Amino acid sequence: MRVSQYFIPTLRDVPADAELPSHKLLLRAGFIRQQAAGVYAYLPLGWRVIRNVEQVIRSEMDAIACQELRLPTLTPREMLEETGRWDVPVVYHLQDRRKADFALGFTHEEPITEVIRHSVRSWRQLPTLLYQQQTKFRDEPRPRGGVIRTREFIMFDAYSFDRDEEGMDVSFWKFAQAYRNVFRRMGLPFVEAEADGGDIGDLDNREFLVLTESGEDTVLRCEEANWAANAEACACLPPEPLPAPANGNGQKPLELVSTPGMRTIEEVAGMLGAAPEHLVKTLVYVADGTPVAVLVRGDRELNEIKLRRHLKAKNLFLADEATVEKVTGAPRGFAGPVGLSGVRLLADYEVAVMRNFITGANQADAHYVHVNIDRDFAPDEYADLRVAVAGDRCPVAPEYTLTEARGIEVGHIFKLGTKYSAAMGATFNAEDGSTKAVQMGCYGIGNSRLLAALVEASHDDDGIVWHPEIAPFHVVIVLANVKDEKAQEAGTALHDALEARGIPVMLDDRDERPGVKFKDADLVGYPVRVVIGKGLAEGKVEIRARRDAGSSRDVPIGEAETAIVALLEELKGA
RNA sequence: CGGGGCGUGGCGCAGUCGGUAGCGCGCGACGUUUGGGACGUUGAGGUCGCAGGUUCGAAUCCUGUCGCCCCGACCA
């Protein structure tokens, strides 16, 4: 391929609305263009990377006998109503000319289960693994970060169907391994993390994240134990009990203090000269219509996912001012556990070991100091309810502490059990003659998001640095001076030789100054750059790896082909 | 949905006491140039997001509306 004939609209200036490095570079290097918020066109270079990603996934799916198919993008309303998902907020709805309702596919559990329930009758047909790579539509409240979070995106989604839970387990781990292979082949540094399954299923699930500053998710890691979890799902161990003070129980007398207008933890702590961790905040939530009060140490965040799970609540939100006042008898900012009645009172484990702390007094402009559990109040129960943070003990190896990092979720795998098969009647005849619901799993990779994650993970000040496995082209041959006929001949010959070997190669034959071509080569990120220029007089060409300017070396033109092939092999391995 | 910011040639921007739009890059032509985003000459390209309003006159003032970005909520 020749650069002069290829559509590579590179930009010198960064479009003003790009902030993330990946977004800037993908725009500047001519890989993507925006059409609307969260809606992007993939230009030839970007599309080649997407196709390479698909191809890597395809080959790993072949390896586990997972078969590619193609489900419709239009999903009939009735199908989504079977599982109660027609009204999910992110679904795009539309009507045909007869006023029949359809959704644009936002995920495909229903359509795939539809296929299975009509075609799988016997245990002998299971397990079955199926996947597709297709556009998904989700009306995201806030698209962001270029191609990281979009409303229309390309996704790999796979589904497993098994006879029983053991089989589902086997399929789940097959996919986990396939995912590792996929990301490794792309040279992508990733972590596997325990995660929250959201509403998709609350069984086992596992996230694959690329660690990068600009990630949307917070990951807590224990490198010693090789363990990680998404912060929203990371368990917190109950703290060690405090050592008993020498002088009795160490409790000071309860005291009511005036704190006019001091509502936030910072304000109260500041006024009373106490550290936030000596306060306990009392949060009032409404769970399925019933108010509950929750205690968390002042410097901690309540984890709503944990609370929702603990309460087994479908609907959970922070109470409004009026409800708070009704429950506590005080305006927002002064709620406390002392004297609180008529409401279920939960406390985070950490609160159990606190002594002489500060809380709201359930009256306007007042707080209690030296509050103590049992003496002054008693929670109905304790639970793990706070958000985990760096410095916490590792839940699986408590002798180590967790560190925090940001990550982009690029893959997520779930065990579904019979959630969808039961709802949709996907059953089969088991070996013992009974009728059972199929055990399912679902598995996703954000292909288009991966494009951004790959760039976030591999770029420098000059541009993108592609791994050969997914690079749009492996090699660029730069003709320093196109007017030089000898160089042209040599470049064309080398180009043709590499192409004949099946190596995707680009010949930069534009009538531009060399500097322009070098800048573009760096920006686009070809793993290997060959320059045919001054050295040709001595029969030499320059070869260098994009990732390492210092790797530049001159080789005799006759050895260029083998040197390039060897360099590509080296780059693939590392 | 709440908060903040921004809409002016393809891209980046300037242009508010209101007077009929400018700069850089890019683009076309010609010439010189050719190892890290060259230079000269010349040329094309803009209903100033849209709709109302105020005014003799609006990119500029007022009202409304649409779009885009960022933070948060949300993220099946």
Side-chain angles (χ1 to χ4, degrees), chain A residues 9-20 23-24 27-30 33-40 75 80 83-92 103-110 136-146 148-151 153 155 157 195-202 205 207 214 216-217 230 232 301 304-305 316-318 408-409 412 414 416 419-420 423 442 444 446 449 461-463 478-484 487 508 510-524 529-537 540-542 544 549 552 554:
Chain A
T10 58
L11 303 169
R12 295 194 185 204
D13 291 316
V14 191
D17 49 15
E19 240 175 46
L20 301 186
H23 190 193
K24 289 181 186 169
L27 285 169
R28 284 191 60 210
R33 285 293 184 267
Q34 185 180 38
Q35 306 243 319
V39 179
Y40 284 82
T75 310
L80 290 170
T83 53
R85 297 211 293 178
W86 169 254
D87 285 324
V88 167
V90 297
V91 178
Y92 281 102
L104 290 179
F106 63 107
T107 175
H108 282 79
E109 282 77 16
E110 289 84 356
K136 296 276 189 279
F137 298 86
R138 291 182 193 171
D139 191 1
E140 290 287 349
R142 182 154 97 81
R144 63 169 290 264
I148 287 188
R149 180 160 222 95
T150 57
R151 298 189 294 171
F153 58 98
M155 185 176 174
D157 55 315
D196 177 61
D199 293 327
I200 210 169
D202 41 17
N205 71 93
E207 238 173 31
S214 55
E216 293 188 297
D217 295 290
N230 193 310
E232 64 183 23
E301 289 292 315
E304 288 191 14
I305 291 169
L316 182 79
F317 56 90
L318 203 54
I408 301 172
E409 176 191 357
H412 205 156
F414 303 83
L416 296 174
K419 179 170 176 170
Y420 295 92
C442 72
R449 174 182 286 181
D461 291 344
D462 296 317
V478 174
L479 300 179
N481 181 357
V482 276
K483 303 274 166 60
D484 179 341
D508 197 343
R510 291 175 298 170
D511 185 11
E512 289 284 357
R513 297 171 63 86
V516 172
K517 301 185 186 185
F518 295 151
K519 289 286 186 189
D520 274 353
D522 288 347
L523 190 56
V524 168
R529 189 186 81 182
V530 181
V531 181
I532 300 186
K534 291 185 300 204
L536 191 63
K540 291 189 168 173
V541 298
E542 179 202 310
R544 93 179 205 197
S552 174
D554 291 336

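From a predicted model like this one, the values you see are computed outputs, not experimental measurements. Naming convention: chains lettered A, B, ... in sequence-line order (proteins, then strands); numbering from 1 in each chain.
Shown here, B/C1 forms a base pair with B/G72; the pair counts as Watson-Crick or G-U wobble because both key distances fall under 3.5 Å. Using the Watson-Crick or G-U wobble rule with both distances under 3.5 Å, B/C61 pairs with B/G53. Pairing for B/G67 is with B/C6, a Watson-Crick or G-U wobble pair whose two hydrogen-bonding atom distances lie under 3.5 Å. Pair assignment for B/U42: B/G28, on the basis of Watson-Crick or G-U wobble contacts that are both within less than 3.5 Å. Across all strands shown, B/A21 remains unpaired; no Watson-Crick or G-U wobble contact has both distances below 3.5 Å. Summarising the base pairing, B/G36 is matched to no nucleotide, lacking a Watson-Crick or G-U wobble pair whose two defining distances lie under 3.5 Å.
At whole-Å resolution of the value, CZ in A/Phe518 and P in B/A38 are 12 Å apart. Nucleotide B/G35 holds its C1' atom 13 Å from the NZ atom of A/Lys519, rounded to whole Å. A straight line from NE2 of A/His23 to C1' of B/C70 spans 12 Å, rounded to a whole angstrom. The CG atom of A/Asp139 sits 11 Å away from the P atom of B/C1 (whole-angstrom rounding). Summarising the geometry, the separation between CG on A/Asp554 and C1' on B/G35 is reported as 12 Å, rounded to the nearest angstrom. Regarding A/Glu19, its CD atom lies at a distance of 14 Å from the P atom of B/C6, rounded to whole Å. In this structure, A/Ile532 atom CD1 and B/G36 atom P are separated by 18 Å, rounded to whole Å. Atom CD in A/Glu110 sits roughly 14 Å away from atom P in B/A76 (whole-Å rounding).
Partners of A/Arg513 by side chain to side chain contact (heavy atoms under 4.5 Å, CB included), not counting sequence neighbours: none found. Looking at residues two or more places apart in sequence or on another chain, you find a side chain to side chain contact (heavy atoms under 4.5 Å, CB included) between A/Ser552 and A/Glu542, A/Arg544. With sequence neighbours excluded, the residues satisfying side chain to side chain contact (heavy atoms under 4.5 Å, CB included) with A/Glu409 are A/Glu207, A/Leu209, A/Asp217, A/His412, A/Arg449. Looking at residues two or more places apart in sequence or on another chain, you find a side chain to side chain contact (heavy atoms under 4.5 Å, CB included) between A/Arg33 and A/Pro9, A/Leu11, A/Leu27, A/Leu43.
Considering every non-hydrogen atom in both A/Ala29 and A/Thr10, the closest pair reads O-CG2, 3.9 Å. The two atoms that bring A/His108 and A/Asp157 nearest to each other are CB-OD2, 3.6 Å, heavy atoms only. In plain terms, the two heavy atoms of A/Ala423 and A/Thr83 that are nearest each other are CB-CG2, 4.0 Å.
In this structure, A/Arg529 forms a cation-pi arrangement with A/Phe518, its terminal cationic atom sitting closer than 6.0 Å to the ring centre and no more than 45° off the ring axis.
When heavy atoms are screened at a 4.0 angstrom cut-off, A/Arg33 is found touching no nucleic acid atom at all. Contact annotation for A/Arg449: no contact, since no heavy-atom pair falls under 4.0 Å across all strands. Within 4.0 Å of A/Asp484, counting heavy atoms only, lies no atom of the nucleic acid at all. A/Gly84 comes within 4.0 angstrom of no nucleic acid atom, judged by non-hydrogen atoms across all strands. Residue A/Arg510 is out of contact with every strand shown, counting any heavy-atom pair closer than 4.0 Å. Residue A/Ala18 is classed as having no contact, given no heavy-atom separation below 4.0 Å to the nucleic acid. Counting non-hydrogen atoms under 4.0 angstrom, A/Lys517 reaches nothing in the nucleic acid.
Note: A/Asn230 CG to A/Asn205 CG = 9.5 Å, rounded to the nearest 0.5 Å.
Nucleotides B/G31 and B/G15 are separated by 35 Å at their C1' atoms, to the nearest Å. A distance of about 26 Å separates the C1' atoms of B/A76 and B/C70, rounded to the whole Å. With P as the reference atom, B/C11 and B/G52 are 26 Å apart, rounded to whole Å. Taking the C1' atom of each, B/A14 and B/U8 are spaced 10 Å apart, rounded to whole Å. The same atom, P, is picked in B/G40 and in B/C25; the two are 9 Å apart, to the nearest Å. Across B/G10 and B/G64, the matching C1' atoms stand 31 Å from one another, rounded to whole Å. Comparing B/C13 with B/C48, their C1' atoms are spaced 14 Å from each other, to the whole Å. Using P as the reference atom, B/C69 and B/U32 are 47 Å apart when rounded to the nearest Å.
For A/Asp520 and B/G37, a side-chain-to-base donor-acceptor distance below 3.5 Å is present, hydrogens and geometry of angles not being considered. One N or O donor and one acceptor, one from the side chain of A/Arg28 and one from the base of B/G37, sit under 3.5 Å apart. Side-chain atoms of A/Arg529 and base atoms of B/G36 include a donor and an acceptor less than 3.5 Å apart. Not a single donor-acceptor contact under 3.5 angstrom links the side-chain atoms of A/Glu512 to the base of B/G37.
By the 4.5 Å heavy-atom criterion applied to side chains, A/Gln34 and A/Tyr40 are counted as neighbours.
Judged purely by atom type and a 3.5 angstrom limit, A/Lys517 uses its side chain to pair as donor or acceptor with the backbone of A/Leu479. A/Asp522 contributes no side-chain N or O that, together with a main-chain N or O of A/Gly463, makes up a donor-acceptor pair within less than 3.5 Å.
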Collect all protein-nucleotide pairs involving nucleotides 72-74 of chain B in which both atoms are nitrogen or oxygen and the distance is under 3.5 Å.
unit_1, atom_1, unit_2, atom_2, d
B/G72, N7, A/Arg142, NE, 3.4

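Closest to the side chain of A/Val531, from the set B/C68, B/G36, B/G35, is B/G35. Side-chain proximity of A/Lys483 to B/C68, B/A76, B/U34: nearest is B/U34. Listed nucleotides B/U34, B/C68, B/G35 differ in distance to A/Gln34; the shortest reach to its side chain belongs to B/C68. Among the nucleotides B/C25, B/U34, B/A76, the one closest to any side-chain atom of A/Arg12 is B/C25.
Crowding of A/Lys540 atom NZ: a count of heavy atoms from other residues, nucleotides or ligands under 6.0 Å not exceeding 12.
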Next item on the list: Classify every nucleotide of nucleotides 8-14 of chain B by which part a protein heavy atom approaches to under 4.0 Å, writing B for the base, S for the sugar-phosphate alone and - for neither, in 5'-to-3' order.
Entry: ---BSS-
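Heavy-atom nearest nucleotides on RNA chain B were determined for A/Arg151 and for A/Ala480, and the one closer to the 5' end corresponds to A/Ala480.
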